[in-house]
Amino acid sequence: MAKPKRIGILTAGGDCPGINAAIRGVGKTAIVRHGMEVIGISSGFAGLITKEYAPLTEDKLSGLLTLGGTILGTSREKPFKKKGSGSLDKPQLIKRHYKELGLDCLVCIGGNGTQKTAWQLSEMGLNVVGIPKTIDNDVFGTDFSFGFDSALAIATDAIDRLHTTANSHKRIMVIEVMGHHAGWLALYAGMAGGGDVILIPELKFDVKSVNRYLLERAGKMKSYSIVVVAEGLSRPVEETSAADYVSKMIEKGTGAETRKTILGYLQRGGSPSANDRILATRFGAYAVDLIARGDYGKMVINKQGETSCMPLKDVAGKTRLVPIDHSLISKARSLDICMGDECITQNRK
Ligand code: F6P
């Protein structure tokens, strides 16, 4: 096998803290350890379609460890998504530009959608390695993706702050955190922030039982309650947000003054946590080790604390949801936290 000399790197999908740390991990390992050249592709797969790129030299890697966002820019371009007839054949353009740039491999940093595209490109004969990132922690095959730990710290801090104002006003506070399909962030932040009710998309929730639980709490002289909801919670189509829907239903059902907070993009901004810096650095370095031994078509993963990899074909098209028998869900139930479907308080004799 000829030694890989030139690699491309792109970041696609929603940004998150730790992406720049991963770019740095890839860049330093590739340049310093393996003597490779690194090309930074702009704005995700869009940059490979328009051929926008710039060499990522060693001097450009300084200061990246702590920097939020992505220096390469990102987009939600999905090149394999079918468009009307006469539109550009984006996958073929990507293949052409990959060849014209003289790339030996393309590193794709992104979430589930990105990993699927990475696999589709590898099926077209491109050498590809994937690195998972997302605050939702829903990339299939890895226990943790970087971005999650940083977002968890932000969401937990926000919930902490709601406790005091909720207590002062004797209110129910509903806080919506990100998680389009998966409830990892809501579950972890809800547990870390002392949420009384945690509602995640994976568990069907019953408004009546949540309201009963909240009324029982009030009856036990608990002056306020915190309800943590994931943005992807199922709700009627006309409801614009999970927080809106849940707070309305609670206020109507309990008569208690209820307020909502939607944390939104604050969860994706800013500097990565120490754990995310380390995870992103490990992932970046490991990706280059894969490339150096010609082990393509893989995504880097974290399993039980160890960095390894799995075939992109086994990741593509899948989402890592919270298993309904997850140990943190059963711990929440033992602590009398209402998970929406079944509230222990109401079952007590
Ligand atoms: O990064 C994942 C995520 O935060 C989801 O939870 C959310 O639905 C989505 O990104 C929104 O991102 P955007 O508005 O950038 O598409």
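Ligands are counted one by one from 1 in listed order, and the atoms in each one are counted from 1 as well.
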Peer 1: Taking distance alone, with N or O pairs closer than 3.5 Å, would you say Asp15 contacts ligand 1?
Peer 2: no
Peer 1: Under 3.5 Å, which donor-acceptor pairs link side chains of residues 274-284 to any protein atom two or more places apart or in another chain?
Peer 2:
{"unit_1": "Asp276", "atom_1": "OD1", "unit_2": "Gly147", "atom_2": "N", "d": "3.2"}
{"unit_1": "Asp276", "atom_1": "OD2", "unit_2": "Gly147", "atom_2": "N", "d": "3.0"}
{"unit_1": "Asp276", "atom_1": "OD2", "unit_2": "Asp149", "atom_2": "N", "d": "3.4"}
{"unit_1": "Asp276", "atom_1": "OD2", "unit_2": "Ser150", "atom_2": "N", "d": "2.8"}
{"unit_1": "Asp276", "atom_1": "OD2", "unit_2": "Ser150", "atom_2": "OG", "d": "2.5"}
{"unit_1": "Arg277", "atom_1": "NE", "unit_2": "Pro272", "atom_2": "O", "d": "2.9"}
{"unit_1": "Arg277", "atom_1": "NH2", "unit_2": "Ser271", "atom_2": "OG", "d": "3.1"}
{"unit_1": "Arg277", "atom_1": "NH2", "unit_2": "Pro272", "atom_2": "O", "d": "3.1"}
{"unit_1": "Thr281", "atom_1": "OG1", "unit_2": "Arg277", "atom_2": "O", "d": "2.6"}

Peer 1: Salt bridge or not for Lys313 and Glu123, using N-O below 4.0 Å?
Peer 2: no
Peer 1: Less than 3.5 Å between some nitrogen or oxygen of Arg76 and one of ligand 1, yes or no?
Peer 2: yes
Peer 1: Give the residue, atom name and distance (to 0.1 Å) of the protein heavy atom nearest atom 14 (O) of ligand 1.
Peer 2: Tyr265 OH, 2.4 Å
Peer 1: Which atoms of ligand 1 sit under 4.0 Å from any heavy atom of Gly179?
Peer 2: 6 (O)
Peer 1: Nearest heavy atom to atom 15 (O) of ligand 1 wins, so pick from Gln267, Arg268, His181.
Peer 2: Arg268
Peer 1: Got the closest protein heavy atom to atom 2 (C) of ligand 1, with its distance?
Peer 2: Asp136 OD2, 3.4 Å
Peer 1: Considering Glu231, Met178, His180, which one's heavy-atom position lies nearest to atom 7 (C) of ligand 1?
Peer 2: Glu231
Peer 1: To the closest 0.5 Å, what do you measure between CG (Leu72) and CD1 (Ile23)?
Peer 2: 4.0 Å
Peer 1: Per the side chain to side chain contact (heavy atoms under 4.5 Å, CB included) rule, which among Thr114, Thr134, Ile131, Ile301 passes with Val139?
Peer 2: Thr134
Peer 1: Are Lys51 and Glu100 within salt-bridge range, i.e. N to O under 4.0 Å?
Peer 2: yes
Peer 1: So, for His163 and Tyr224, is the gap between ring centers shorter than 6.0 Å?
Peer 2: yes
Peer 1: Side chain, backbone, both or neither: which applies to Phe148 and ligand 1 if a contact is any heavy-atom pair less than 4.0 Å apart?
Peer 2: neither
